[in-house]
Amino acid sequence: MSEVRVRFAPSPTGPLHIGGVRTALYNYLFAKNKGGKFILRIEDTDQARFVEGAEQYIIESLKWCGIEFDESVVVGGEFGPYKQSERKAMYLPYAEQLVKEGFAYYAFDSSEELTAMRERMKAAGVPSPQYNAVTRTTMQNSLALSEDEVTKRRQAGEAYVIRIKMPRNEEVKLNDIIRGWVVVNTNNMDDKVIFKSDGMPTYHLANVVDDYLMKISHVIRGEEWLPSAPLHVLLYRYLGWEDVMPQFAHLPLILKPDGNGKLSKRDGDRLGFPVFPTEWMNPETKEISSGYRESGYIKEAFINMLSFLGWNPGTTQEIFSMEELIESFSLERVGKAGAKFDFDKTRWFNQQYLRAKSKEELAQDLQLILKENGIEAEDNFVETVCEQLKERATFVKDMWEEGKYYFLSPTSYDEKTIRKKWKEDTPKYVSELKNRLAELADFSSESIEIEFKKYLEENELGMGKLLPAFRVCLTGLGMGPSLFDIASLLGKEETIKRMETALEKIN
RNA sequence: GGCCCGUUCGUCUAGUCAGGUCAGGACGCCAGGUUUUCAUCCUGGUAACAGGGGUUCGAAUCCCCUACGGGCUACCA
């Protein structure tokens, strides 16, 4: 079998949302699994929808995801250019070849004329009028007009498009890797524009020509392309490339977590989760959309989550590194039905990855957050904090938000704990405990615990009587990790100081 | 409306192609245990073959119909 070459072909019309990232990911995994090449092709044939910065965004956000291209606008390759606007001159000859061979034709209709035709057909009872075998005879095109008229118009420089001449009553079949045989009758297809009046091809032609020229072996794309796949098959056939036509695989869509319909940016805003891999600022409105990266997601967790939205390995293993994904991935195991996005599961994946990280790695990330908050701390200290906190956190930022007391003395004391656990005799106990701890030579967690328990015993107190009060003195909170660990890490001096402060403030 | 695709616990899904174990796992949720507390962790529980017809000794699995959902229906991709 010839070399596997797949491409991810986005339009630079905005940021890539997670559906697009997943399409890129599956292409990447498939290519790497087969030892093939993965190509990025920018499909910017629609100048009107171009968005500043979108191409850069696509490249950089995929890079963050760990998805790298073998050929692209950045790294080049022997099948370039990799941007359709730079390939502009290549498409017209193919379109004209189709006209010459009778598979396509010139059409001069203005948008007003097209609208008029549609209105006319609707009035006549056709719900969705098409430019097809029935209507084309009434329009301004090289099939209805005389040859002289066509030549005259073309020489006069009149704007024209090239449309495919859809045959009557032919079954077009394609064998989709995910869906099996898909059959469509050409009577249900229209004479799609393949070359626009602005000199650019439409997606359909550009896509087929480029996939052919770039020797693409498999087209893996979203399900929204399935209805036009038969058109592409016809294009390959008419261009004489059917024997090297790529295999198709149409991926199921990612759906809204609630209700129905495909996932959109709105859903993320509404339900409070990112739909973009990295943060995006709309260049026009300056509106900022949050990204997984900025929200504190570990990229491996993000990728792992995405890979499972529509694919599964058929085993019970759920945690997969990129290498393992490459190893296990196959298009045969991609599902057919759309998958509702599950935000809880996404958080769970992040938690799993967080735990797998070493305290050193976590400390590095936490230091970044600490710096943002104007806190300087020794690496060793931060590492121990991470050690104590990582089992309770989903994100690195949780360790800051739930563990501020490691770095700052409490400024307030949890009311509920005070109300329930700070009794009349509590100050006396805390004060005595403080004096006992002050004399402790070994301020290790174990030693503090032993001393604490000894004190409880001597005074015939239970854990619940004094420990919550002790905790609130040190952390201001009613819950958290082992208090003896916290005290030990804070050190004797700080511990004593916090107890004194609490005694003053709480009373 | 037309065309195409789809439908297993609330969610992601295994099982469907080669019909035959109480339909398995994970997330979530609930309960119990562990823990000074909260979280973690452990144990257990919850809950599904869209409906109806066939074919068959036997159907989640094969066929048909219906319903529901999705996509497409541009000189956008």
Side-chain angles (χ1 to χ4, degrees), chain A residues 9-13 43-46 48-49 107 109-111 114 118 122 125-131 159-163 176 178-180 182-185 187-190 192-204 206-207 221-230 250 252-253 255 257-262 305 308-318 332-333 335-349 351 355 389-394 398 402 417 421 449 452-453 456 462-468 470-472 477-484:
Chain A
S11 290
T13 56
E43 308 222 326
D44 56 346
T45 53
D46 186 5
R49 291 211 306 159
D109 314 278
S110 66
S111 63
L114 288 170
R118 290 187 182 112
K122 270 183 190 165
V126 180
S128 51
Q130 292 186 320
Y131 204 118
Y160 69 93
V161 300
I162 296 175
R163 287 178 181 272
D176 187 278
I178 294 168
R179 282 151 218 288
V182 176
V183 186
V184 180
N185 190 291
N187 289 351
N188 296 314
M189 296 162 68
D190 62 346
K192 277 269 179 300
V193 171
I194 56 172
F195 197 86
K196 299 187 277 187
S197 59
D198 65 0
M200 284 291 236
T202 59
Y203 170 85
H204 308 293
N207 199 257
R221 74 228 304 191
E223 195 185 356
E224 70 268 23
W225 291 111
L226 192 54
S228 48
H250 288 93
L253 267 20
L255 276 15
D258 60 341
N260 302 313
K262 67 175 174 183
M305 174 279 290
F308 267 68
L309 236 40
W311 171 86
N312 76 84
T315 67
T316 56
Q317 184 183 349
E318 296 209 76
E332 285 70 28
R333 293 206 65 86
K336 298 186 209 310
K340 286 187 179 173
F341 180 73
D342 185 351
F343 192 54
D344 278 326
K345 193 85 180 230
T346 306
R347 293 170 53 87
W348 177 80
F349 271 114
Q351 189 185 35
R355 284 182 190 186
L389 245 28
K390 78 183 234 185
E391 294 290 303
R392 350 173 38 90
T394 300
D398 294 344
E402 286 163 29
T417 310
K421 298 293 179 182
E449 182 168 358
F452 182 85
K453 284 182 174 164
L456 288 183
M463 272 289 208
K465 177 74 183 168
L466 191 51
L467 201 80
F470 187 21
R471 179 182 294 281
V472 87
L477 302 177
M479 56 187 200
S482 158
L483 192 57
F484 307 115

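Please read these numbers as outputs of a predicted model, since none were measured by experiment. A note on names: the letters A, B, ... follow the listed sequences, proteins ahead of strands, and every chain is numbered from 1.
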- [ ] Looking only at side-chain atoms of K262(A), point me to the closest of U7(B), C75(B), C72(B).
- [x] C72(B)
With the criterion being N/O to N/O and under 3.5 Å, what pairs connect the protein with nucleotides 59-68 of chain B, and how long is each?
none

Task: F195(A)/Y160(A) aromatic ring centres below 6.0 Å - done: no
TODO: Counting heavy atoms from C-beta on, name the nucleotide in C72(B), A77(B), C75(B) closest to the side chain of D46(A).
DONE: A77(B)
Set out, line by line, the N/O atom pairs under 3.5 Å between protein and nucleotides 42-51 of chain B.
none

Task: W311(A) CH2 to A14(B) C1', straight-line distance once rounded to whole Å - done: 13 Å
Open item on the list: Is T45(A) close enough to A77(B) that one of its side-chain N or O atoms is under 4.0 Å from OP1 or OP2 there?
Closed with: yes
- [ ] Starting from P on C72(B), measure out to CG on L253(A) and report it in whole angstrom.
- [x] 8 Å
TODO: Taking atom C1' in both G15(B) and G52(B), compute the distance separating them and give it to the nearest angstrom.
DONE: 24 Å
- [ ] Using the C1' atom on both, measure C30(B) against U8(B) and round to a whole Å.
- [x] 23 Å
Task: OP1 or OP2 of U13(B) under 4.0 Å from side-chain N/O of N312(A) - done: no
TODO: Report yes if a side-chain nitrogen or oxygen of K390(A) is closer than 4.0 Å to either non-bridging phosphate oxygen (OP1 or OP2) of U40(B); otherwise report no.
DONE: no
Task: Output field: ring centroids W348(A)/F343(A) closer than 6.0 Å - done: no
Task: Under 4.0 angstrom between R355(A) side-chain N/O and C41(B) OP1 or OP2 - done: yes
Open item on the list: Please give the distance between the P atoms of U66(B) and A59(B) as a whole number of Å.
Closed with: 24 Å
- [ ] Tell which nucleotide pairs with C27(B), taking only Watson-Crick or G-U wobble pairs whose two distances are both under 3.5 angstrom.
- [x] G10(B)
- [ ] Using the P atom as the reference point in each nucleotide, state the distance between A26(B) and C65(B) in Å, no decimals.
- [x] 39 Å
Task: Closest approach of E223(A) to L253(A) (non-hydrogen atoms, all atoms of both residues) - done: N-CD1, 3.7 Å
TODO: Could you measure between the two P atoms, the one in G24(B) and the one in A18(B), and give it in whole Å?
DONE: 25 Å
TODO: Might you point out which heavy atoms bring M200(A) and D44(A) nearest each other, and give the distance in Å?
DONE: CE-O, 3.8 Å
Task: pair S228(A)-H204(A): side-chain heavy atoms closer than 4.5 Å - done: yes
Task: Of the listed nucleotides C75(B), C5(B), C3(B), the one nearest the side chain of E223(A) - done: C5(B)
Open item on the list: So, OP1 or OP2 of C12(B): does either fall under 4.0 Å of a side-chain N or O from R333(A)?
Closed with: no
Open item on the list: So if I take every side-chain heavy atom of K196(A) and compare against A77(B), G71(B), U73(B), which nucleotide ends up nearest?
Closed with: A77(B)
Task: From U37(B), C76(B), G71(B), nucleotide with atom closest to M479(A) side chain - done: U37(B)
Open item on the list: Any strand counts, and the cut-off is 3.5 Å on both contacts for Watson-Crick or G-U wobble. Which nucleotide pairs with U34(B)?
Closed with: none
TODO: Would you kindly give the CZ-to-P distance between F484(A) and U35(B), to the nearest whole Å?
DONE: 14 Å
- [ ] Quote, to the nearest angstrom, the P distance that separates C42(B) from C49(B).
- [x] 30 Å
Open item on the list: Taking only the P atom of each, what is the distance from A31(B) to A67(B) in whole angstrom?
Closed with: 42 Å
Open item on the list: Can you see if the side chain of R163(A) gets near the phosphate of C75(B) - specifically, an N or O under 4.0 Å from OP1 or OP2?
Closed with: yes
- [ ] Find the distance between CG (N207(A)) and CD (E43(A)) and round it off to the nearest 0.5 Å.
- [x] 5.0 Å
Are there any protein N/O atoms within less than 3.5 Å of an N/O atom in nucleotides 25-27 of chain B, and if so, which ones and at what distance?
from   : atom 1 : to      : atom 2 : distance (Å)
A26(B) : O4'    : E318(A) : OE2    : 3.0
A26(B) : O2'    : E318(A) : OE2    : 2.4
A26(B) : O2'    : K345(A) : NZ     : 2.9
A26(B) : N3     : K345(A) : NZ     : 3.2

Open item on the list: I'd like to know if the side chain of H250(A) pairs up with that of R221(A) as donor and acceptor (distance under 3.5 Å, no hydrogens or angles considered).
Closed with: yes
- [ ] For L389(A) and P481(A), work out which heavy atoms get closest and say how close.
- [x] CD1-CG, 3.5 Å
Open item on the list: Does U7(B) have its OP1 or OP2 closer than 4.0 Å to a side-chain nitrogen or oxygen of K340(A)?
Closed with: no
- [ ] Output the single nucleotide from U73(B), U13(B), A77(B) whose closest atom is nearest the side chain of A339(A).
- [x] U13(B)
Task: Nearest-Å distance for atom pair CG/C1', residues D198(A) and C76(B) - done: 12 Å
- [ ] Could you measure between the two C1' atoms, the one in C76(B) and the one in U40(B), and give it in whole Å?
- [x] 50 Å
